[in-house]
S.K.: 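Okay, handing you the structure first.
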Amino acid sequence: MPELPEVETIIRGLQQQIVGQKIVRVKVNLPKIIRGDKERFAFLIEGASIEEVRRQGKIIIFNLSNGMSILVHLKLTGQLHCTLPEKPAIKHTHLVFDLSGGEELRYVDLRQFGYFLLTKTSEIFHLPQLSALGPDPLKISLDEFKGLISKRSGRIKSLLLNQSFLAGIGNIYADEILHLSGIHPLQPAHILSDPKVKRLHQAIREVLTKAIKYRGSSVSDYLDLAGQEGSYQRFHRVYQREGKPCLTCQAKIARLKIGNRSSCFCPNCQSYDHKKSL
DNA sequence: GCACATGTTGGTAA
DNA sequence: GTTACCAACATGTG
């Protein structure tokens, strides 16, 4: 479930708890999680210190003291846990870093879709995983956003999920953002009226900022570094609420498959634009 | 057991 | 470029 707010919560935890520590030892339980050179992965990072942790979109980047960087994508069910070594490893613990501070950083991933990718820090921006990402949804200006959206003819729901358009929004927040901005998920992007584009830009900031404040949404699996749930799911207005009354107008929340993803929305609150109103 | 659902994205084909 | 579909995988629900 980790989308931008969950990943942001995790990197803030990492910045507080593990930056500055040395990676003493690496245990790989499930090599397929490592992209690229599985054999040398542990060898190349043991002994290096973690100098910086940041994110780009949903990707977590660890910069190490030896000129290497680790990219981590949690995909659907990846989790990073920082715990004392005494704590028994839970099922699906695929990777363990022993840290000089005495704790362990563990990677747990039920569905095994996530990955760790080791690369030279100097080559990081040549990686397609990073270079293909669009701007950060919290940083893009309204004008920039207008420019991008006017060039896209696809359906707005799919566009919000497209990481090369904006990096970080996933299925939960796309549905919540569209509801807050009153836009139908099938709306073609380029014929949104100016006021709606402005509302959308605003809704993106509002939803993501508030979700970060509440440390993300724990729908089924997501937990933060300390194993704690987020609480933004309390504020979900449409996501996974098919058939329930809209919290704004009482109409029944509907669900559609759009681009193979389920989309929940209120047919009454969320309407289409035809680019006439300005 | 079966059918379908679940946070992501990468590859392929049209 | 867009779009649609299937793939990776484990588990839960009806």
Side-chain angles (χ1 to χ4, degrees), chain A residues 1-10 29-36 38 55-60 71-80 90-95 107-117 127-134 137 147-178 185-191 207-208 211-212 214-224 229-233 235-236 238-243 253-264:
Chain A
M1 81 155 350
E3 304 180 27
L4 187 150
E6 290 77 26
V7 175
E8 181 67 27
T9 302
I10 291 166
N29 299 328
L30 186 69
K32 63 172 272 199
I33 293 297
I34 317 282
R35 292 265 175 102
K38 300 172 183 14
R55 72 163 176 85
Q56 194 168 332
K58 302 171 191 169
I59 295 180
I60 300 169
L71 265 60
V72 180
H73 199 309
L74 303 170
K75 292 287 182 89
L76 279 83
T77 53
Q79 300 177 1
L80 288 170
I90 61 173
K91 216 173 165 181
H92 310 296
T93 300
H94 304 315
L95 210 54
Y107 179 68
V108 177
D109 188 352
L110 185 140
R111 288 171 74 178
Q112 308 176 9
F113 292 164
Y115 63 81
F116 279 59
L117 189 157
L127 292 170
Q129 283 89 345
L130 292 186
S131 61
L133 293 177
L148 287 182
I149 211 163
S150 66
K151 297 187 192 82
R152 298 302 198 115
S153 61
R155 304 181 284 205
I156 189 68
K157 169 66 190 276
S158 303
L159 189 58
L160 289 177
L161 293 179
N162 183 342
Q163 301 299 297
S164 62
F165 175 66
L166 290 178
I169 298 172
N171 208 30
I172 296 177
Y173 296 107
D175 279 2
E176 294 300 319
I177 287 164
L178 289 176
L186 292 173
Q187 167 79 44
H190 64 304
I191 53 175
V207 168
L208 296 180
I212 291 170
Y214 287 90
R215 306 180 60 81
S217 302
S218 286
V219 172
S220 62
D221 284 322
Y222 167 72
L223 298 173
D224 68 14
E229 292 191 348
S231 52
Y232 189 73
Q233 65 278 8
F235 301 95
H236 291 177
V238 285
Y239 179 74
Q240 285 193 345
R241 294 193 67 249
E242 182 187 13
I253 300 299
R255 184 166 74 107
L256 278 178
K257 276 270 184 192
I258 302 172
N260 231 11
R261 309 300 307 280
S262 83
S263 289
C264 292

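Below, chain A is the first sequence line, B the second, and so on; all start at residue 1.
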S.K.: For dC5(C) and dC4(B), measure between their P atoms and round to the nearest Å.
M.R.: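 Taking atom P in both dC5(C) and dC4(B), they lie 15 Å apart.
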S.K.: Report the distance from atom NE2 of His73(A) to atom C1' of dA8(C), rounded to the nearest whole Å.
M.R.: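 The distance from NE2 of His73(A) to C1' of dA8(C) comes to 14 Å, rounded to the nearest Å.
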S.K.: Does the structure show a Watson-Crick or G-U wobble partner for dC9(C), both distances under 3.5 Å? Name it, or say none.
M.R.: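 Here dC9(C) is not engaged in any pair, so there is no nucleotide opposite it.
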S.K.: For the pair Glu3(A) and Lys58(A), evaluate salt bridge (Lys or Arg N to Asp or Glu O under 4.0 Å) and give the outcome as yes or no after the intermediate values.
M.R.: CA-CA 6 Å; Glu3(A) 304 180 27; Lys58(A) 302 171 191 169; 5.7 Å; no
S.K.: Do Leu71(A) and Phe116(A) come close enough that some side-chain heavy atom pair is under 4.5 Å?
M.R.: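 Leu71(A) does not reach Phe116(A) side chain to side chain.
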S.K.: Pick base, sugar-phosphate or nothing for Ser262(A), based on heavy-atom distances below 4.0 Å to the nucleic acid.
M.R.: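 Counting heavy atoms under 4.0 Å across all strands, the contact made by Ser262(A) is with sugar-phosphate only.
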S.K.: Of the non-hydrogen atoms in Ala211(A) and Tyr173(A), which two are nearest, and what is the gap between them?
M.R.: CB-CE2, 3.5 Å
S.K.: Look at all strands and tell whether Arg155(A) reaches a base, only sugar-phosphate, or nothing, counting heavy atoms closer than 4.0 Å.
M.R.: sugar-phosphate
S.K.: Check every strand shown and say whether Asn171(A) touches a base, only sugar-phosphate, or nothing at a heavy-atom separation below 4.0 Å.
M.R.: sugar-phosphate
S.K.: Check the distance between dA5(B)'s P and Leu256(A)'s CG and give it to me in whole angstrom.
M.R.: 13 Å
S.K.: Assign Tyr239(A) to base, sugar-phosphate, or nothing according to its heavy-atom contacts below 4.0 angstrom with the strands shown.
M.R.: sugar-phosphate
S.K.: Under a 4.5 Å cut-off applied to non-hydrogen side-chain atoms, are Lys75(A) and Tyr115(A) in contact?
M.R.: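 Side chain of Lys75(A) against side chain of Tyr115(A), heavy atoms only: contact under 4.5 Å found.
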S.K.: Between Gln112(A) (CD) and dT8(B) (P), how many Å, whole number?
M.R.: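 From Gln112(A) CD to dT8(B) P: 18 Å.
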S.K.: Between dT3(C) atom P and Leu160(A) atom CG, what is the distance in whole Å?
M.R.: 13 Å
S.K.: Which atom pair, heavy atoms only, marks the closest approach of His236(A) to Ser217(A)?
M.R.: NE2-OG, 2.8 Å
S.K.: Ignoring the backbone of Gln240(A), work out which of dT11(C), dT2(C), dT6(B) is nearest its side chain.
M.R.: dT6(B)
S.K.: What is the distance, to the nearest angstrom, from the CD1 atom on Ile169(A) to the P atom on dT8(B)?
M.R.: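 For the pair Ile169(A) CD1 and dT8(B) P, the rounded distance is 11 Å.
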S.K.: Specify the separation, in whole Å, of atom CG of Leu76(A) and atom P of dA5(B).
M.R.: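 Distance check: Leu76(A) CG to dA5(B) P gives 15 Å.
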S.K.: Closer than 4.0 Å, any side-chain N/O of Gln163(A) to the OP1 or OP2 of dT8(B)?
M.R.: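 False: Gln163(A) side-chain N/O out of range (4.0 Å or more) of dT8(B) OP1/OP2.
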S.K.: Hey, which sits more toward the 5' end of DNA chain C by its nearest nucleotide, Asn260(A) or Asn162(A)?
M.R.: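 Looking at DNA chain C, the more 5' nearest nucleotide goes with Asn162(A).
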S.K.: Need to verify one output field. Residue with the more 5' nearest nucleotide on DNA chain B, Arg111(A) or Tyr115(A)?
M.R.: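 Nearest-nucleotide comparison on DNA chain B picks Arg111(A).
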S.K.: Which nucleotide sits closest to the side chain of Lys91(A): dA5(B), dT11(C), dA10(C)?
M.R.: dT11(C)
S.K.: Nearest to the Arg261(A) side chain among dT11(C), dA8(C), dT9(B), which nucleotide is it?
M.R.: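 Closest of the options to the side chain of Arg261(A): dT9(B).
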S.K.: Less than 4.0 angstrom between a side-chain N/O of Lys58(A) and OP1 or OP2 of dT8(B), yes or no?
M.R.: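 Yes, within the criterion.
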S.K.: Taking only the P atom of each, what is the distance from dT11(C) to dT9(B) in whole angstrom?
M.R.: 23 Å
S.K.: Could you check Gly154(A) against Leu110(A) and say which one's nearest nucleotide on DNA chain C is further toward the 5' end?
M.R.: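 Comparing both residues, the 5'-ward one is Gly154(A).
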S.K.: Nearest-Å distance, CG (Leu4(A)) to P (dT8(B))?
M.R.: 11 Å
S.K.: Without decimals, in angstroms, what is the distance between Leu74(A) CG and dT9(B) C1'?
M.R.: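 In whole Å, dT9(B) C1' and Leu74(A) CG are 13 Å from each other.
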S.K.: Would you say His92(A) places a side-chain N or O within less than 4.0 Å of OP1 or OP2 belonging to dC9(C)?
M.R.: no
S.K.: Once you apply a heavy-atom cut-off of 4.0 Å, does Lys257(A) come out as touching a base, just sugar-phosphate, or nothing?
M.R.: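 Result for Lys257(A) = sugar-phosphate.
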S.K.: By nearest atom, which of the nucleotides dA8(C), dA5(B), dT8(B) is closest to the Lys32(A) side chain?
M.R.: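 Looking only at side-chain atoms, Lys32(A) lies closest to dA8(C).
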S.K.: Is any side-chain heavy atom of Leu74(A) less than 4.5 Å from a side-chain heavy atom of Ile60(A)?
M.R.: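 They are in side-chain contact.
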